[in-house]
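A quick write-up on the structure given underneath.
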Amino acid sequence: MANVKSRNRSRNSNGSCRRYNAANALPLATCQARPPLLLDEPEVLMLQAVPGVQPFAIAWTQHKSASCRRRSFLTQRIRASSGRRAPPTPQVKVCGITTVKDAKLAAEAGADMLGMIMWPKTKRSVSKTVARDIASVAADYGIQSVGVFVDEGAQQIEDACGQCGIHVAQLHGTEARKSLFHLHENLHVTYVMNCNAHGRIQTPSPAALAEQTEQVLQRHVQWLLIDGQQGGSGQPLPWADMRVPAQIADRGWLLAGGLHPDNVAEAVSILHPTVVDVSSGVTQGDGIAKDKERMIAFINAAKHGHQ
């Protein structure tokens, strides 16, 4: 230990000693009568696992008052270079919003996106008038509004979004997906791909669909959404078996399918989606109206339960 200490100290003109980083020869702390404390054994073992780092080169500078303790510059560098980063906190989309009241409850609970079903053949569909009001709530709270389309064409989708002030068109069905090639770039798009019970994607990618339909893909896709084969079924997906297609969307991907307050944290910890999408998992008994407490619980679990 004496040899170790001697290699890491140099004398100042006043007789004090300075602690040095062996890699950069940068002074880390100046001591007078007290020698700096070396790392304890667990910290040494941790640093020994980092290539090229000599454990004796890092030290905690600790005064007896215990009120002035700081970590050295090199220790911070090692922590930053260890590659261990917490996954980003996912956003939350609450879909199937049918009333202004539910839109406000979801926004106040912390939702980042409000989704409404524009396809009329479902119990959660909304009229353009209601959709406009819900989109207005989203705008007031500074969050995005999403319109879900299934078999509408490009002109229908653009007209509905324009009239209602909807930011994002979610292309959930075969015909709606085909409209991708004709939608204006100013309207953002969520492209939905379905997977089976084994986690295998069953839907062609935008590029594959362009080839199949002899179209040219000239626009960007902002979001990719992965859902089960039967959207709105409430059945969870096999998260551990899923393989999310890469390089399809500019802003990331959404995980949907059977999510609720009790399982969303697990889904996030396995797949780390950009956004989690919930609808039936936060409804009341009728399967339509949203439950305030369930929305709060879901958003808290999604954003904090995985940490």
Side-chain angles (χ1 to χ4, degrees), residues 87-97 106-107 109-119 124 134-135 138 143-150 157 161 166-173 176-177 180 183 187-196 199-206 220-261 263-283 290 295 298-299 301-303 305-306:
T89 300
Q91 297 180 29
V92 174
K93 171 174 169 262
V94 178
C95 201
I97 299 287
D112 304 284
M113 301 178 182
L114 301 181
M116 59 208 97
I117 313 298
M118 306 301 293
W119 186 56
R124 298 191 187 113
I134 292 172
I143 59 181
Q144 289 189 314
S145 56
V146 181
V148 179
F149 300 90
V150 178
I157 293 172
C161 291
I166 292 173
H167 303 128
V168 183
Q170 182 171 310
L171 311 180
H172 215 293
R177 279 190 284 266
L180 171 68
L183 292 174
L187 178 61
H188 288 186
V189 165
T190 296
Y191 187 89
V192 178
M193 300 180 75
N194 303 102
C195 67
N196 62 21
R200 303 293 183 266
I201 299 294
Q202 305 296 298
T203 308
S205 67
H220 291 273
V221 174
Q222 280 70 38
W223 300 98
L224 168 67
L225 186 148
I226 304 297
D227 199 355
Q229 288 183 297
Q230 182 62 45
S233 67
Q235 294 299 314
L237 302 178
W239 306 313
D241 298 325
M242 290 175 59
R243 297 295 179 268
V244 180
Q247 300 179 342
I248 289 181
D250 295 342
R251 296 193 174 187
W253 71 284
L254 296 79
L255 174 64
L259 296 175
H260 52 73
N263 68 4
V264 65
E266 180 184 359
V268 167
S269 69
I270 294 173
L271 290 172
H272 307 298
T274 316
V275 186
V276 287
D277 189 327
V278 64
S279 183
S280 59
V282 292
T283 58
K290 300 304 182 188
M295 284 194 291
F298 182 91
I299 292 171
K303 296 190 174 186
H306 69 290

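Below, all heavy atoms of this structure are taken into account, side chains as well, without hydrogens, waters or symmetry copies. Quick caveat, the model's predicted, so the values are computed rather than measured.
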Review point. How many angstroms lie between CG in Asp227 and CD in Gln170, if you round to the nearest 0.5 Å?
Key: 8.0 Å

Check your understanding: If you measure from CG on Asp250 to NE2 on His188, what distance do you get to the nearest 0.5 Å?
Key -> 9.0 Å

Point to revise | With Asp241 via side-chain hydrogen bond (donor to acceptor under 3.5 Å, both in side chains) - residues at least two apart | key: none

Do the side chain of [X] and the main chain of [Y] share a donor and acceptor less than 3.5 angstrom apart?
| X | Y | value |
| --- | --- | --- |
| Ser145 | Leu114 | no |
| Lys290 | Cys95 | yes |
| Thr274 | Trp253 | yes |
| Asp112 | Val92 | yes |
| Gln202 | Arg200 | yes |

May I ask you to test the [X]-[Y] pair for a side-chain heavy-atom distance under 4.5 Å?
| X | Y | result |
| --- | --- | --- |
| Ser279 | Arg124 | yes |
| Leu255 | Val268 | no |
| Met193 | Pro245 | yes |
| Val278 | Lys93 | no |
| Leu180 | Pro206 | yes |
| Arg243 | Ile201 | no |
| His220 | Arg251 | no |
| Tyr191 | Leu225 | no |

What are the two closest heavy atoms between [X] and [Y], and how far apart are they?
| X | Y | result |
| --- | --- | --- |
| Gln222 | Ala249 | O-CB, 3.5 Å |
| Phe298 | Pro261 | CD1-N, 3.7 Å |
| Asn263 | Gly258 | ND2-O, 3.0 Å |
| Arg177 | Val192 | NH1-O, 2.9 Å |
| Val276 | Ala302 | CG2-CB, 3.8 Å |
| Ala301 | Val264 | CB-CG1, 3.6 Å |

Point to revise | side-chain contact (heavy atoms from CB on, under 4.5 Å) between Trp119 and Val148, worked out | key: CA-CA 7 Å; Trp119 186 56; Val148 179; over 6 Å; no

Practice item. Decide side-chain contact (heavy atoms from CB on, under 4.5 Å) for Val146 and Ile166; before the verdict, give the C-alpha distance in whole Å, the side-chain angles of both, and the deciding distance to 0.1 Å. Key: CA-CA 6 Å; Val146 181; Ile166 292 173; 5.6 Å; no

Exercise for review: Could you give me the CA-CA distance, side-chain angles and deciding distance for Trp239 and Glu266, then say whether side-chain contact (heavy atoms from CB on, under 4.5 Å) is met?
Suggested key: CA-CA 9 Å; Trp239 306 313; Glu266 180 184 359; 3.9 Å; yes

**Study point:** CD (Gln247) with more than 12 external heavy atoms under 6.0 Å
**Key:** no

Exercise for review: Check the pair Ile226, Asn194 against side-chain contact (heavy atoms from CB on, under 4.5 Å), reporting the backbone distance first and the verdict last.
Suggested key: CA-CA 6 Å; Ile226 304 297; Asn194 303 102; over 6 Å; no

